[in-house]
Number of protein chains: 2
Amino acid sequence: MSIRVTADDVAQAAGVSRAMVSRAFTPGASVSAKKREHVLAVAQALGYRPNLIARGLTGRSTGLIAVVAGEISRPYEAWLLEHLVFELSSRGYQPLLLPALRGGNVTEMIDHALAYQVEGAIVAAGSVSREIADRCRASGAPLVLIGRVLESSGVDAVCCDNIKGMHLLVNRLVQQGRRRIAWLGGTEDTFSDQERRLGVEQALSHYGLTLMAVHRGDFSLQSGLNEGLALLGAGQPLDAIICANDAMALGVVEAAAQRGMRVPDEIAVTGFDDVPSAAWGRCPLTTVRNPVQETALEALRLLEARVKTPTRATQIVRVGVTLVERVSA
Amino acid sequence: MSIRVTADDVAQAAGVSRAMVSRAFTPGASVSAKKREHVLAVAQALGYRPNLIARGLTGRSTGLIAVVAGEISRPYEAWLLEHLVFELSSRGYQPLLLPALRGGNVTEMIDHALAYQVEGAIVAAGSVSREIADRCRASGAPLVLIGRVLESSGVDAVCCDNIKGMHLLVNRLVQQGRRRIAWLGGTEDTFSDQERRLGVEQALSHYGLTLMAVHRGDFSLQSGLNEGLALLGAGQPLDAIICANDAMALGVVEAAAQRGMRVPDEIAVTGFDDVPSAAWGRCPLTTVRNPVQETALEALRLLEARVKTPTRATQIVRVGVTLVERVSA
DNA sequence: TGAAATCTTGCACGCGCTTTCAAAAATACG
DNA sequence: CGTATTTTTGAAAGCGCGTGCAAGATTTCA
C-alpha cells in the first residue's frame, strides 16, 4: 500500500477518469449508479479517502470549527466542552481546540486558527476584542461567544441568565431569614463575574439589603477555600456566602468545615452552574442550573444560521436558569 | 478589505512575485533581508496570513494532530487533555479533537481525521484495533497510545506503572493490618482496569491473601456510590476497598458515609490517579499519583521521534508512580 | 429508423501555496 | 576592469481536489 493514495490512483485502478472519482464521492453528482458503486468499491479496496485539505482548497467547506475553551480541568469548562465537541462532531464538523492560555492572547489564537480556514469559531473563554471579531467577519468565519457578550459589536452570543439566577438564590436566602450576606466573586474582568454580582446586588437592594463583605477568588476550588477561611475568620458574623460559581462554593463549604461551622445551619453557601460534582460530597450545593447542553446547541444553531445568512441581525440568546435546591442553603 | 487576501494580492501590492511572498514567510529561505521586511510589512498592512490549508497541500506539514479523548467531563481525562492541548499548541501543533463516543468507533474517527492529513494521532480513550494502527502507519501519521498498550503491534505508547502503583497501595493496606480487601473495578475490557486488578492480585498473593469481593463499576462517581453501597451492605465484613480510579473511590467514601461507617477507621478506601479533586472533600484520598504532565510530554516526545524516524523500534514508556498518603487509607 | 433530448464522461482549469530551475543581479577576486 | 562565484529573483510546475464545458453515449419519441 502506497504511502498516500490519491484520486488519480483510484481512477487508474478503476479505469475511469479522475473526475469520475471525485464525482463518485460527491452526493448528487452526475454519475451512473453502476459506475459510482464500482469506483467506491475500488476506492475502498485501495484505502482511499478524499483529502479534505485539498477539498477545502477548492472553496468547499473545510468543516473545521475553532473552539477556544478555558482551563479544561475546571468542571464547568470541561462539561461545556464535552457537549460542544459532541454536538460539533455529530454534525460532521471537526473541532480545532485552542487553549486559552493563562493571560494568553485569544486574539492571536483565533488569528492562527483562521489560517486553517475554519468555518467559524466558538469562544467560551477569555475576552475577545472588537478587532478580532472584525477579522473573523472579514474572513467569513462567524464568531459565537458563550457565556460572554460583546456589546453592540455584531457578535452572536449565548449566555445564561445570570441576573435571574442570582435573584432566585437571593430570594431563597432572604426567605430563610438570612440578612448578613457576603459575595465571593471570580476573576476580575470576567463577564460572568460582573453580571452575577450585579444580579446579587440588584436582588439585595430590592429587599433594602447590601453586601456585608466582598471577596474575590479565581473561580477555583482552592481560592474558594482560601477566601472562605478569610471571610469566616474576619470576625464579622455572616449567615450566607454567595459564590460566583460552584467550584468556589465547594471550597467555601470546606472552609466552613475547617472552621467548625455547620452548613447550612450556621452559614449558607450557594454556587452557580450546577456542575456534576455540585451534587456530591459533604454538602450538596444549592445552586443555579446553567443548562450546558442547551447552551452548546444554541451556539451551534447561531453559528449555522450566520454561515447561511451572514447579514442577519446579531442575536444574543439567553438560556434559562432554574434554582436547584439542595442542602447548602 | 477583501473577503480573502492571498499571496497574489500581497505580491502585487509589494511589487514582487508571488514566490517572494512565500519565501518571506519561510524562515531560512533565500530572500534579502530588506525585501523580506518589506513584504512582511505589506502583508501585515493587508492582513494577510498564509493559508495553512493550501500550504499543507504542498507536502509541507499541516501541523494538525488528532487527539482522541474520552469523556472530557471525567476528572482524569480532562486533566490529561488540558496538558496535552497545552503542550501541543505551545509546540505549534493544532489539536484536532475527536470525541470517543460511548460505544463509538475510534477507528472510524481516526480514519476521518486521517483525511485531514494529520501528522499524528494521540489516543487516550477507547481501544484501537491493529487495523487502524496499520492505516495510520500507511498514511505516515504515527499513532501514540496513552494509558493503553497494544501488544506487539508496533504502536508506541506511554502508560503509567499500574502494577507498581497497586503494589504500593496493597503494601500499605496490609501493613495497616487490613486483610479483608475488596476490589472495585472499572469498565470491562479496559487496559487500566485489567492491569490494575492484576497488580492488586499479584501483591495480595505475595502476602498469601486473595480478594474477598469483586465488583465492577464504570469509573464514574455514581458507580462508585452504587457499588460501594452494595459492597458495604453485603454482610461481608470488609476492611478495605481498592478502587480502579479516584472517582469511584470518592463514590465509595460517600457510600461509607451513607452507611454510617467511618473512613479509614472502619473501612479503608483507595483511589488511583490522584486527580485534583482527590485531595478535597470529606475525606482526602490515599491514592497513586499518575503523572499527567510527564505522560503528555512523553507522548509528544514519542510522536515527534517517530515522525523523524519512522522506522525506529517501537517504544513503550512506563512513567513512574508514587504513593500519595492522605486520610482515606 | 432518425433526430432531438437527456445522461454520462473526460479534459482542462483553478483553488493558494511551495519549490525547482534557470536567468538576472550582486559580489568577489585576480 | 573582466570574469568567476554567490546571492536574489521570477517563471512555471505541481500538490489533490472540484467543476464548467463540450464531446460522447444513451435514451426517448415520433
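Convention: sequence-line order gives letters A, B, ...; per-chain numbering from 1. Source: prediction; values computed, not measured.
Side-chain atoms of A:D156 and A:I316, non-hydrogen and from C-beta on, never get closer than 4.5 Å to each other.
Residues A:R318 and A:E195 are paired through a salt bridge, judged by an N-O separation under 4.0 Å between the basic side chain and the carboxylate. Checked for salt-bridge contact, A:E71 and A:R74 meet the test: a charged N lies under 4.0 Å from a carboxylate O. Using a cutoff of 4.0 Å between basic side-chain nitrogens and carboxylate oxygens, A:E87 and A:R91 are scored as salt-bridged.
With hydrogens and angles ignored, the 3.5 Å screen pairs no side-chain donor or acceptor of B:R23 with any backbone N or O of B:V31.
Contact annotation for A:S30: base contact, defined as any heavy-atom pair under 4.0 Å involving a base atom.
Aromatic ring centres of B:Y116 and A:Y116: separated by at least 6.0 Å.
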Can you give one letter per nucleotide of nucleotides 12-19 of chain C, 5' to 3': B if a protein heavy atom sits under 4.0 Å from the base, S if only from the sugar-phosphate, - if neither? --BBBBBB
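Contact detail for A:V118 and A:T62: the closest heavy-atom pair is CA-OG1, 4.3 Å.
The outermost nucleotides of DNA chain D lying under 4.0 Å from heavy atoms of chain A, listed 5' to 3', are D:dG16 to D:dG20.
Crowding of A:Q12 atom CD: a count of heavy atoms from other residues, nucleotides or ligands under 6.0 Å not exceeding 12.
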